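These notes concern the structure reproduced below.
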Amino acid sequence: MEVLAVIPARSGSKSVVDKNIRLIGGKPMLAHSIQHAKESGAVNRVIVSTDSKKYAEIARDYGAEVPFLRPAEYAADTSLDIDVFLHALTYLRDREGYVPDMVVQLRPTYPIRDPKDIGRMVGLLAQHPEADSVRCVAPAKELAYKMWRMDSTGRLTPILTDIAEAYNMPRQQLPPIYYQNACIDVIRTRTILESHSMSGGYILGYKMEHNYDIDTEEEFAIADRQLAFRMGKTFAYPAGANAV
């Protein structure tokens, strides 16, 4: 079984400037995802999809392939995952005749993840040929059964209606709710190429307790401290290395 890991690392971040290559845990952010893929034991090939020559050079330094630079139209704030992955897989198929069985999406904004989770999710999809993808989920702190939509007149409509008046029930009596934390996605290649979908219709869930996605300076600081704690060291960065 051929498994490809794709790390989408565009250069246009605004919330934390250049966060995909900013030093965290002693190395550029995207380098952690490259390492996770290689340590998983489940991935045959790791590529980074980026629009930046600078990012590409860093990715190669840490052992990933960068067979192309992503076109600008797929590297905007509004670009969709499906466009990025269709571009990557179509390029590899047309230029190299390479079509993996599965694709693992590892967003570089997760410098902390367990590489074993990658292997377990690949194994889970392999065990279920009827499934199109596996998505990692975490328990939601707020129940969707207690959430509402409000129209222009102020009238409320419950988000979920499969349980009558669930919004009036104690939360202890309601089923657990999970949110997708986007740390790892495993998708069959045919789902992307043929169905033009990043999930398909049959999605398996893989429960994960922790979430270290980085989208703000505060989240960056938390993840950096956690990495330092795990590695038992303090990271000394060159002057200006983490300036934004």
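Here the structure is a predicted model, which is why all the values come from computation and not from measurement.
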- prompt: Are Tyr179 and Met147 joined in one hydrophobic group, where the rule is that I, L, V, M, F, W and Y side chains link up if heavy atoms are under 4.5 Å apart?
  reply: no
query: Do NZ/NE/NH1/NH2 and the carboxylate oxygens of Arg22 and Asp224 come within less than 4.0 Å?
result: no
statement: Rounded to the nearest 0.5 Å, the CD1 atom of Ile34 sits from the CG atom of Asp61 at a distance of 9.0 Å
message: With no hydrogens and no angle check, just 3.5 Å: does a side-chain donor-acceptor pair link Asn20 and Tyr55?
response: no
field: Side-chain heavy-atom pair Val43, Lys38 within 4.5 angstrom cut-off
entry: no
- prompt: Is the backbone of Ser197 close enough, under 3.5 Å, to the side chain of Ser195 for a donor and an acceptor to pair up by distance?
  reply: no
message: Using only atom types and a distance under 3.5 Å, with no angle test, would you say the side chain of Ser133 pairs donor to acceptor with the backbone of Ser199?
response: yes
query: Step by step, would you call Ile203 with Asp132 a side chain to side chain contact (heavy atoms under 4.5 Å, CB included)?
result: CA-CA 6 Å; Ile203 309 168; Asp132 299 310; 6.0 Å; no
query: For the hydrophobic clusters of this structure (ILVMFWY residues joined by side-chain heavy atoms under 4.5 Å, transitively), does one cluster hold both Trp148 and Leu143?
result: no
query: Going by the angle between their ring planes, with limits at 30° and 60°, are Phe68 and His87 parallel, tilted or perpendicular?
result: perpendicular
- prompt: Is it true that a side-chain atom of Arg230 and a backbone atom of Ile112 form a donor plus acceptor pair closer than 3.5 Å?
  reply: no
- prompt: Do other residues, nucleotides or ligands put more than 12 heavy atoms under 6.0 Å from Glu218 CD?
  reply: no
- prompt: How many angstroms lie between CG in Asp213 and OG1 in Thr109, if you round to the nearest 0.5 Å?
  reply: 4.0 Å
message: For Pro139, is there any backbone N or O sitting under 3.5 Å from a side-chain donor or acceptor partner on Lys207?
response: no
field: Note, Glu73 side chain near Asp83 side chain (heavy atom, < 4.5 Å)
entry: no
- prompt: Under a 4.0 Å N-O cut-off, is there an ion pair linking Glu96 with Arg45?
  reply: yes
Name every donor-acceptor pair, under 3.5 Å, that has one atom in a side chain of residues 97-105 and the other anywhere in the protein, sequence neighbours excluded.
from	atom 1	to	atom 2	distance (Å)
Tyr98	OH	Glu2	OE2	2.9
Asp101	OD2	Glu2	N	2.7
Gln105	NE2	Asp185	OD2	3.4

- request: Could you tell me whether the side chain of Met1 reaches within less than 4.5 Å of the side chain of Asn44, counting heavy atoms only?
  value: no
- request: Determine whether Leu227 and Pro111 make a side-chain contact, defined as any pair of heavy atoms from C-beta on separated by less than 4.5 Å.
  value: yes
query: Which value, rounded to the nearest 0.5 Å, describes the distance between Cys183 atom SG and His36 atom NE2?
result: 8.5 Å
query: Donor-acceptor pair, Thr50 side chain versus Ala9 backbone, under 3.5 Å?
result: yes
message: Quick check: is Tyr62 connected to Leu23 through a chain of hydrophobic side chains (ILVMFWY, heavy atoms under 4.5 Å apart)?
response: no
task: Would you sort out whether Lys27 and Gln35 count as a side chain to side chain contact (heavy atoms under 4.5 Å, CB included), showing the intermediate values?
output: CA-CA 11 Å; Lys27 64 181 71 171; Gln35 180 179 347; 2.6 Å; yes
message: Working to the nearest 0.5 angstrom, can you tell me the gap between Arg135 CZ and Met198 CE?
response: 7.5 Å
query: Where do Leu89 and Leu4 land on the side chain to side chain contact (heavy atoms under 4.5 Å, CB included) test, with the steps shown first?
result: CA-CA 10 Å; Leu89 289 172; Leu4 169 70; 4.0 Å; yes
- request: Kindly say whether Ile187 contributes a backbone atom to a donor-acceptor pair with the side chain of Thr191 at under 3.5 angstrom?
  value: no
- prompt: Taking Arg70 for the side chain and Val84 for the main chain, is one N or O donor matched with an acceptor at less than 3.5 Å?
  reply: no
- prompt: To the nearest 0.5 Å, how far apart are NE2 in His32 and CD1 in Ile7?
  reply: 11.5 Å
field: Minimum heavy-atom distance Ala64-Val48, with the two atoms named
entry: CB-CG2, 3.8 Å
- request: Consider only side-chain heavy atoms of I, L, V, M, F, W and Y, link residues closer than 4.5 Å, and tell whether Val46 and Val66 are in one cluster.
  value: yes
query: With a 3.5 Å cut-off and no angle check, do the side chains of Arg113 and Ser33 form a donor-acceptor pair?
result: yes
Any donor-acceptor N/O pair, Lys146 side chain to Met169 backbone, under 3.5 Å: yes
- prompt: Is there a path from Val137 to Leu174 through hydrophobic residues (I, L, V, M, F, W, Y) whose side chains come within less than 4.5 Å of each other?
  reply: no
Residues Cys136, Met121; criterion side chain to side chain contact (heavy atoms under 4.5 Å, CB included); working and verdict: CA-CA 8 Å; Cys136 56; Met121 291 176 68; 4.1 Å; yes
query: Any side-chain heavy atom of Asp77 sitting closer than 4.5 Å to one from Arg10?
result: yes
message: Counting neighbours of CD on Glu142 that are heavy atoms of other residues, nucleotides or ligands and sit closer than 6.0 Å, is the number greater than 12?
response: no
message: If I take atom CG from residue Leu106 and atom CG from residue Leu30, how far apart are they, to the nearest 0.5 angstrom?
response: 11.5 Å
Can you list, pair by pair, the side-chain donor-acceptor contacts under 3.5 Å of residues 154-167, counting residues two or more places apart and other chains?
from	atom 1	to	atom 2	distance (Å)
Asp162	OD1	Tyr145	OH	3.3
Asp162	OD2	Tyr145	OH	2.9
Glu165	OE1	Asn168	ND2	2.9

- prompt: Do Tyr91 side-chain atoms and Pro67 backbone N/O form a donor-acceptor pair below 3.5 Å?
  reply: yes
Check: Met29 main-chain N/O paired with Lys19 side-chain donor or acceptor under 3.5 Å: no
message: As a quick check of understanding, evaluate ring pair (Phe, Tyr, Trp, His ring centres under 6.0 Å) for His128 and Tyr202, giving each step before the final call.
response: CA-CA 10 Å; His128 291 271; Tyr202 194 133; 7.6 Å; no
